[in-house]
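All of these numbers come straight from a predicted model, not from anything done at the bench.
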Amino acid sequence: MQIEDVTARGPTTLDPLRSIAFRSIWSSTQVANLGWLVQTVAISWLMATISASDLMVALVQASTTLPAFILSIPAGAIADTYSRRLVMITGLSLIALASIVLAIAAAFGFVSPWLILGLGFIAGCGFALNDPAWHASVGDILDKRDIPAAVTLMSVGYNMTRSVGPALGGAILAFLGPLAAFLFAACSNLAPLGAVLRNKWHVRKSPLPAERISTAIHDGMRFTALSSDIRAAIIRAALFGLAAIAILALLPLVALDRLAGGPIIYGILFAGFGTGACIAGLNNRLLRRLIPQEWLMAIASIACAFCCISLALTSSVPLATLALVIGGAGWVITWTGFDVWVQLASPRWVVGRTLSIYYAFLSGGMAAGSWIWGTVAQTYSLASSLELAAAALLLVAASGFVLPVHLAAEADQQGSVYPAPAVALDLKPRSGPIAARTEYAIDDSDLDIFLDHMRTRRYALARAGARDWTLQRNLRKPSRWTETFRTPTWMDFLRLHHRLSPSDQEVVQLLAALHMSDKPPETDLVIERTTDARRTRSQPVARVSRP
């Protein structure tokens with residue numbers, strides 16, 4: 001099933017609002033987004049006026065995106081291991097704290113370029129913790145069929161505030177000053193924190209104890225590395241973020257230098273970007289029905305390239321605003337597409353980690369892009385920076401031919417519903433290593449089908465945590481095949497069994513159907529022990545049979 005079909009035939013964009021918890025958090029998040037955009041306008045403009053460095057202006061964007069690159073992967077592992085709600089509370093608390101401190105510093109006249117960047121970094125740490133946990137929680141709060149609509153609604157909501165927030169920020173900045181903007185943001189950032197504290201939702205708990213964070217990170221990175229489609233999406237998202245961030249990072253300089261405007265003009269330009277993003281978000285389902293996904297992604301990148309070129313060449317506010325409407329539409333189409341796909345392609349046990357890796361790479365790309373385009377603008381010219389960014393976006397548009405994302409495969413969201421195999425020994429969680437051996441008798445006429453199923457099983461087991469997977473053929477009895485793999489401990493084996501999806505279990509049934517015997521293939525589970533006399537005595541083989 002393709003994502004376009006899921007989105008087109010699934011619920012309407014507003015259906016997720018029927019959930020009280022989702023509606024409360026989503027609506028309060030829009031309040032916080034409005035405050036954050038007002039604060040962003042004030043900070044960017046303040047930095048442009050108190051610092052003579054174009055690089056410092058561009059680094060305002062980098063200060064909030066760099067923490068996501070550094071912390072997102074550990075944050076995703078934490079979100080999958082512990083309570084996602086508590087992780088959200090921690091992240092939202094950091095964001096609120098940074099806004100409050102900035103307001104206090106502005107009130108007492110302590111604002112400096114490095115203080116602005118430092119507090120932006122703290123807020124970015126909060127976003128790094130909150131965003132993967134919040135996006136992963138969507139699948140806990142809502143049904144699976146509502147996930148595409150929810151992700152689109154989250155993007156639309158943010159871009160609705162983006163169409164209003166910058167203009168409001170420019171007005172507040174022009175008539176009331178930066179302090180009023182910072183106070184407004186500090187108050188609004190308390191709204192989602194209160195909503196998460198008020199609401200609780202049911203989460204399907206794993207019957208197994210929590211993993212160590214280092215192990216959870218390793219398992220998440222292994223799953224992502226072995227999932228070719230997720231890997232391709234992440235690489236393309238990082239490249240798009242690196243190129244497209246030039247639009248937002250250099251926008252204060254466009255308003256100040258090319259358009260000779262003030263805070264109001266900057267707010268109007270920002271509002272144009274948000275308006276385009278909002279329009280595209282509301283029509284996302286229709287666009288996905290009319291245009292194939294890869295072509296839609298390419299068109300979105302070209303739209304952002306057109307925006308960069310227009311900003312580099314025009315000195316007209318209306319034309320620049322129109323270009324930003326087009327750029328905003330391309331921006332939201334791209335991010336919504338990748339976000340929805342990563343959500344649906346990831347099982348629930350690892351979704352926080354795949355999303356966090358996705359956010360880490362796109363945030364790293366945007367942080368690097370902010371620095372690169374700011375440096376080019378300072379060394380050469382603003383127009384040169386925007387033109388080079390446009391060229392990079394055209395290359396990103398063509399990347400779909402090199403790194404295609406196959407949307408036909410949608411992963412099972414839940415883990416195994418089958419009971420773990422019983423053993424005759426009283427194994428401890430850290431007992432191991434554990435080795436599994438399964439023997440098959442395969443007719444030569446079924447060999448190609450058997451090997452094809454085994455390739456599928458190999459990747460399924462590797463993503464779930466299996467190590468040292470091998471497939472061996474008996475030289476004396478060529479019809480005999482033996483599949484083997486290992487896990488470091490008994491607990492790792494139980495986790496692997498729990499992570500296998502229903503479709504992974506179906507492969508087992510397909511292999512059993514090829515087995516030339518009335519009985520199903522027999523699996524031996526053994527614990528490997530040393531012969532060192534200083535170690536405890538070896539334990540016997542634990543044999544279980546399963547289809």
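Atom-to-atom distance recorded for Tyr358:OH and Asp131:CG is 11.0 Å, nearest 0.5 angstrom. Taken from CZ in Phe361 to CE in Met366, the straight-line distance is 13.5 Å, to the nearest 0.5 Å. If you take CG on Leu153 and CG on Leu17, they are separated by 5.0 Å, rounding to the nearest 0.5 Å. From Arg236, atom CZ reaches atom CG of Leu362 across 14.0 Å, with rounding to the nearest 0.5 Å. Atom OG of Ser93 and atom CD1 of Ile89 lie 7.0 Å apart (nearest 0.5 Å). Atoms CZ and CG, from Arg18 and Leu142 in turn, are 11.5 Å apart once rounded to the nearest 0.5 Å.
Contact annotation: the side chain of Thr489 never approaches that of Lys428 to less than 4.5 Å [non-hydrogen atoms, C-beta and beyond]. Between Arg85 and Ser137, every side-chain heavy-atom pair lies at or beyond the 4.5 Å cut-off. Within the 4.5 Å cutoff, no side-chain heavy atoms of Tyr459 are placed close to those of Trp469. Thr29 has its side chain within reach of Asn33: a pair of non-hydrogen atoms, C-beta onward, lies under 4.5 Å apart. You'll find the side chain of Asn199 reaches within 4.5 Å of the side chain of Ile20, heavy atoms only. Val342 is not listed as a side-chain neighbour of His135, based on a closest heavy-atom distance of 4.5 Å or more. With a 4.5 Å cut-off on side-chain heavy atoms, Ser431 and Ile527 count as touching. Taking 4.5 Å as the limit, every side-chain heavy atom of Arg486 sits out of range of all side-chain heavy atoms of Thr484.
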Determine, stepwise, if the pair Leu290 / Trp295 fulfils side-chain contact (heavy atoms from CB on, under 4.5 Å).
-> CA-CA 10 Å; Leu290 297 177; Trp295 284 104; over 6 Å; no
Quick one: do Phe240 and Leu393 satisfy side-chain contact (heavy atoms from CB on, under 4.5 Å)? Show the steps, please.
-> CA-CA 7 Å; Phe240 178 82; Leu393 282 164; 3.9 Å; yes
Report the C-alpha separation of Asp219 and Arg499 in whole Å, then their side-chain angles, then the decisive distance to 0.1 Å, and conclude whether the salt bridge (Lys or Arg N to Asp or Glu O under 4.0 Å) test is met.
-> CA-CA 11 Å; Asp219 289 351; Arg499 291 167 178 173; 3.1 Å; yes
List the steps and the verdict of side-chain contact (heavy atoms from CB on, under 4.5 Å) for Val138 and Met154.
-> CA-CA 10 Å; Val138 169; Met154 292 159 69; 3.8 Å; yes
Determine, step by step, whether Asp492 and Leu496 satisfy the side-chain contact (heavy atoms from CB on, under 4.5 Å) criterion, reporting the C-alpha distance in whole Å, the side-chain angles of both residues, the deciding distance to 0.1 Å, and the verdict.
-> CA-CA 6 Å; Asp492 290 320; Leu496 179 148; over 6 Å; no
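Between the side chain of Arg353 and the backbone N or O of Ala216 there is at least one donor-acceptor pair closer than 3.5 Å. Within the 3.5 Å criterion, the main-chain N or O of Phe223 finds no donor-acceptor partner in the side chain of Arg463. For Arg222 (side chain) and Ala462 (main-chain N/O), a donor-acceptor pair under 3.5 Å exists by modelled atom type. Thr336 places no side-chain N or O within 3.5 Å of a backbone atom of Ile333 that could act as its donor or acceptor partner. In this structure, Arg480 contributes its side chain and Glu439 its backbone to no donor-acceptor pair below 3.5 Å.
Scanning both residues, Ala300 and Gly330, for their nearest heavy atoms gives CB-O, 3.4 Å. Residues Val31 and Ser188 come closest through the heavy atom pair O-CB, 3.4 Å. Ser99 and Asn189 get closest at one heavy-atom pair: OG-ND2, 2.6 Å. Between Ala133 and Val87 the shortest heavy-atom distance is CB-CG1, 3.9 Å. Listed here is the closest heavy atom pair of Trp26 and Gly157: CZ2-CA, 3.8 Å. The two atoms that bring Ala96 and Leu190 nearest to each other are CB-CD2, 3.9 Å, heavy atoms only.
Here the options are Leu471, Thr438, Leu514, Asn474, the test is side chain to side chain contact (heavy atoms under 4.5 Å, CB included), and the partner is Trp481; only Leu471 passes.
The aromatic rings of Trp134 and Phe22 lie parallel to each other, their planes meeting at an angle below 30°, with 60° marking the opposite boundary.
When only modelled atom types and interatomic distance are considered, Thr224 and Thr354 share no side-chain donor-acceptor pair under 3.5 Å.
Taking a 6.0 Å sphere around CZ of Arg458, one finds it holds 12 or fewer heavy atoms contributed by other residues, nucleotides or ligands. Within 6.0 Å of CE on Met454 lie more than 12 heavy atoms contributed by other residues, nucleotides or ligands.
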